[in-house]
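For the single chain, residues carry numbers from 1 onward in sequence order.
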Amino acid sequence: MKNHQIENKSFCRKTRRSVSGGLLSFVLALSLVLSPVGVGNPATGNRCQIETVEDAERGESVTTCSVEKQAGTAEWRIHYQNLTDDEKTVYDTIDSLMERFSPIDLTWEEIIDKASEEGAAGAFREYLESGQAIKLELSRDYGNEEGENAINTGVRYAYVADHPLDMRAQLCGILSYIDGSTVYVCLYYDAGYRDFDRYQQEADTAYEKDLAAIRADKRFEEGNKPAIELVIADYVCAKIKYVDSDDWNHSHTTYGPLLFSEGVCEAITLYTCLLNNSFGIETYCLASNGHAWNLVKLDDDYYELDNTWDLTDDYGVHRHKYFNLTTKQIRGERGKNADESHDRDPIGNRLPQATGTKYTYKYVWEMTGKVSEKPMPEGGVFPTKNKLKIKGLVFSLENDGTAVLISADYKKGKLTVPHHVKYKGWLYEVYQIDPEVFYNYAELKTIILPTTVIVIGEKAFYGCKKLSSITLGNVDIGKAAFKGIRKKAHFYVQCNESDYDEVQARILDSGAKKPQIERLATSYKQG
């Protein structure tokens with residue numbers, strides 16, 4: 001049986017309280033070993049200086065890896081060490097090809113078509129002769145789904161994770177074509193990316209700026225790994241916007257977070273791994289069928305960390321809900337309707353389960369001076385309140401940390417609804433406007449709703465005859481919610497392009513007369 005690598009142009013799509021994705025099976029099969037071993041220039045083996053020192057407190061010898069960090073050389077062979085011998089052979093072959101770096105000037109599709117037409121031996125003959133491809137004979141037949149996942153996807157992403165600042169590894173296509181126990185390995189130009197020297201210079205500069213910004217945080221303390229991990233998590237969540245870009249290299253590799261401050265879960269996971277390991281925080285990448293996140297080692301314990309699900313881009317708040325959880329906590333309750341987003345793939349299961357309970361967000365928050373948002377309540381249950389009045393708006397607070405706008409005493413012409421409200425130090429996300437809240441508000445001219453609001457009740461703005469400007473997100477709109485507002489009122493919609501038609505239809509059905517509807521290019525964010 002002949003199998004070739006299917007490039008995993010996969011994605012992780014963040015939604016309210018959940019992430020769904022495409023076919024990410026075995027993607028980011030990176031979490032393969034327990035301790036960092038090598039850093040440095042590709043294709044030179046284990047690159048760190050191994051040192052043995054005496055730990056006076058423990059009364060024992062400790063082996064460490066001492067490396068001088070240089071721009072463009074933030075690389076760790078930590079995901080290499082637990083590969084099988086055959087997997088290591090393919091990994092080392094990729095390393096060798098990266099060292100000579102002469103990619104085939106064909107797309108992935110063209111190489112595969114050529115192999116299908118001429119057979120593997122014929123298609124790769126000229127590339128073997130030129131040194132652009134290498135032929136391997138492995139110990140067994142990998143021409144099946146399990147072997148394809150291990151050799152193609154697993155090894156490729158292990159290599160990418162071990163070289164998070166090497167733009168050749170991030171942006172160049174890596175292909176392994178399997179023909180039974182024979183594997184042809186080559187590099188090819190992916191998506192027209194050619195100017196790797198420029199990409200590398202840009203990435204190195206952005207990386208150094210990131211490190212400087214992290215060190216500038218007043219909570220940063222050299223050698224205090226839990227504190228630095230929190231600083232990095234906050235930095236990532238403040239900087240990165242979740243986006244599934246048409247440019248795969250922007251949204252699925254470290255290139256996107258470094259240069260454009262954007263990416264999906266794969267990019268965010270790799271970027272977190274890059275920054276954490278740069279400060280000596282042993283960090284790995286985990287994957288499920290549809291999502292990617294990190295595993296962090298602090299002292300002798302492991303914790304699971306998901307910066308993607310803690311991003312602030314949608315709601316403006318980083319609650320640290322997925323900071324340093326146990327494996328059991330991040331997976332949630334098992335049952336018929338269990339969310340499988342954090343169920344590790346088979347390769348990820350080679351790493352230990354996270355059982356650490358010391359360095360929770362609450363513990364690290366207190367350790368670092370209570371600077372960021374307060375932790376979640378014990379058990380995740382928030383205090384409730386039937387009526388909380390803030391600047392003329394009355395909210396009902398729910399025990400899941402959400403808030404509903406239930407009434408208003410507001411006389412001004414412009415209103416910006418907050419994305420969250422505070423009560424007893426806790427943050428509550430505003431997600432609904434109840435029916436008739438602004439019924440016949442004669443003076444209201446402009447309303448700005450945050451993207452957290454996903455429900456507008458019936459007749460919520462009925463009869464607001466001067467209302468001419470409405471900003472909203474991907475929201476369900478109740479019957480006659482905008483009936484009686486100003487004719488040809490402008491609606492500014494903040495949503496993905498794929499959702500825009502549906503939101504338009506809801507606005508047209510809301511009772512508004514001849515509304516002028518426009519999709520905003522960027523999401524509205526409140527401070």
Side-chain angles (χ1 to χ4, degrees), residues 1-8 25-33 37-38 40-47 75-104 106 108 111-112 115 120-121 123-125 127-128 130-164 166 168-190 253 266 270 284-285 287 345-348 350-351:
M1 180 185 294
K2 297 181 180 180
N3 287 281
H4 56 75
Q5 178 181 12
I6 304 299
E7 277 293 278
N8 274 301
S25 57
F26 294 91
V27 167
L28 286 172
L30 315 171
S31 34
L32 304 174
V33 69
V37 176
N41 189 41
T44 55
N46 296 335
R47 272 88 69 174
E75 294 140 12
W76 297 268
R77 289 172 68 91
I78 58 177
H79 301 95
Y80 171 86
Q81 300 304 309
N82 206 37
L83 295 173
T84 66
D85 288 344
D86 279 346
E87 292 165 355
K88 287 180 179 178
T89 297
V90 178
Y91 183 112
D92 290 337
T93 300
I94 296 172
D95 220 12
S96 176
L97 289 168
M98 285 290 178
E99 178 72 6
R100 66 188 73 170
F101 201 67
S102 178
I104 294 174
L106 294 175
W108 169 79
I111 297 173
I112 296 305
F124 285 93
R125 182 177 295 111
Y127 306 123
L128 293 172
S130 65
Q132 294 173 288
I134 296 177
K135 178 181 178 181
L136 304 174
E137 293 296 338
L138 303 182
S139 64
R140 65 180 180 86
D141 189 334
Y142 284 88
N144 53 57
E145 183 177 357
E146 177 186 359
E148 183 179 349
N149 282 327
I151 296 298
N152 289 338
T153 308
V155 175
R156 179 193 183 280
Y157 281 96
Y159 191 87
V160 169
D162 278 350
H163 301 78
D166 187 338
R168 299 168 306 168
Q170 295 294 310
L171 300 176
C172 185
I174 301 172
L175 175 71
S176 47
Y177 188 97
I178 299 176
D179 186 2
S181 61
T182 302
V183 177
Y184 298 86
V185 184
C186 69
L187 308 180
Y188 65 95
Y189 287 111
D190 187 25
T253 71
E266 292 174 63
L270 288 166
Y284 306 88
C285 299
D345 66 20
I347 300 180
R350 297 182 190 180
L351 274 174

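Taking 4.5 Å as the limit, some side-chain heavy atom of L138 sits within range of a side-chain heavy atom of V90. Under the 4.5 Å side-chain criterion, counting only non-hydrogen atoms from C-beta, Y91 is in contact with V155. A heavy-atom distance below 4.5 Å is found between the side chains of D95 and H163. Proximity of C172 to F101: side-chain heavy atoms (C-beta onward) are separated by under 4.5 Å at one or more points. At least one side-chain heavy atom of Q170 sits under 4.5 Å from a side-chain heavy atom of L270.
Aromatic ring pairs are classed by plane angle as parallel below 30°, tilted from 30° to 60° and perpendicular above 60°; the pair Y184 and F124 is parallel.
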>> Test side-chain contact (heavy atoms from CB on, under 4.5 Å) on Q132 and C186; report intermediate values, then the result.
In response: CA-CA 6 Å; Q132 294 173 288; C186 69; 5.9 Å; no

> Can I104 and L187 be said to form a side-chain contact (heavy atoms from CB on, under 4.5 Å), step by step?
Replying inline: CA-CA 6 Å; I104 294 174; L187 308 180; over 6 Å; no

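Checking side-chain atoms of E148 against main-chain N and O of T153 turns up no donor-acceptor pair under 3.5 Å. Using a distance-only test at 3.5 Å, with no hydrogens or angles considered, a donor-acceptor pair links the side chain of R100 to the main chain of G131.
With values rounded to the nearest 0.5 angstrom, R350 atom CZ is found 7.0 Å from L83 atom CG. Atom-to-atom distance recorded for Y80:OH and D162:CG is 10.0 Å, nearest 0.5 angstrom. In this structure, I174 CD1 and N152 CG are separated by 11.0 Å, a value rounded to the nearest 0.5 Å. From K88, atom NZ reaches atom OG1 of T93 across 14.0 Å, with rounding to the nearest 0.5 Å.
Listed by chain and residue number, K114 satisfy the side chain to side chain donor-acceptor pair (under 3.5 Å) test with Y127 (two or more places apart in sequence, or in another chain). Looking at residues two or more places apart in sequence or on another chain, you find a side chain to side chain contact (heavy atoms under 4.5 Å, CB included) between E137 and K135, S181, T182.
Residues D179 and A120 approach most closely at OD2-CB, 4.1 Å, considering heavy atoms. Nearest heavy-atom pair, A169 versus V160, reported as atom, atom and distance to 0.1 Å: O-CG2, 3.6 Å. Of all heavy-atom pairs spanning D86 and S139, the tightest one is OD2-OG, 2.5 Å. In terms of heavy atoms, V183 sits closest to S176 at CG1-CB, 3.9 Å. Across all their heavy atoms, I178 and G143 have their closest contact at CG2-N, 3.9 Å. Considering every non-hydrogen atom in both A115 and Y177, the closest pair reads CB-CE1, 3.6 Å.
Taking 4.0 Å as the cut-off between side-chain N and carboxylate O, D92 and R77 count as a salt-bridged pair.
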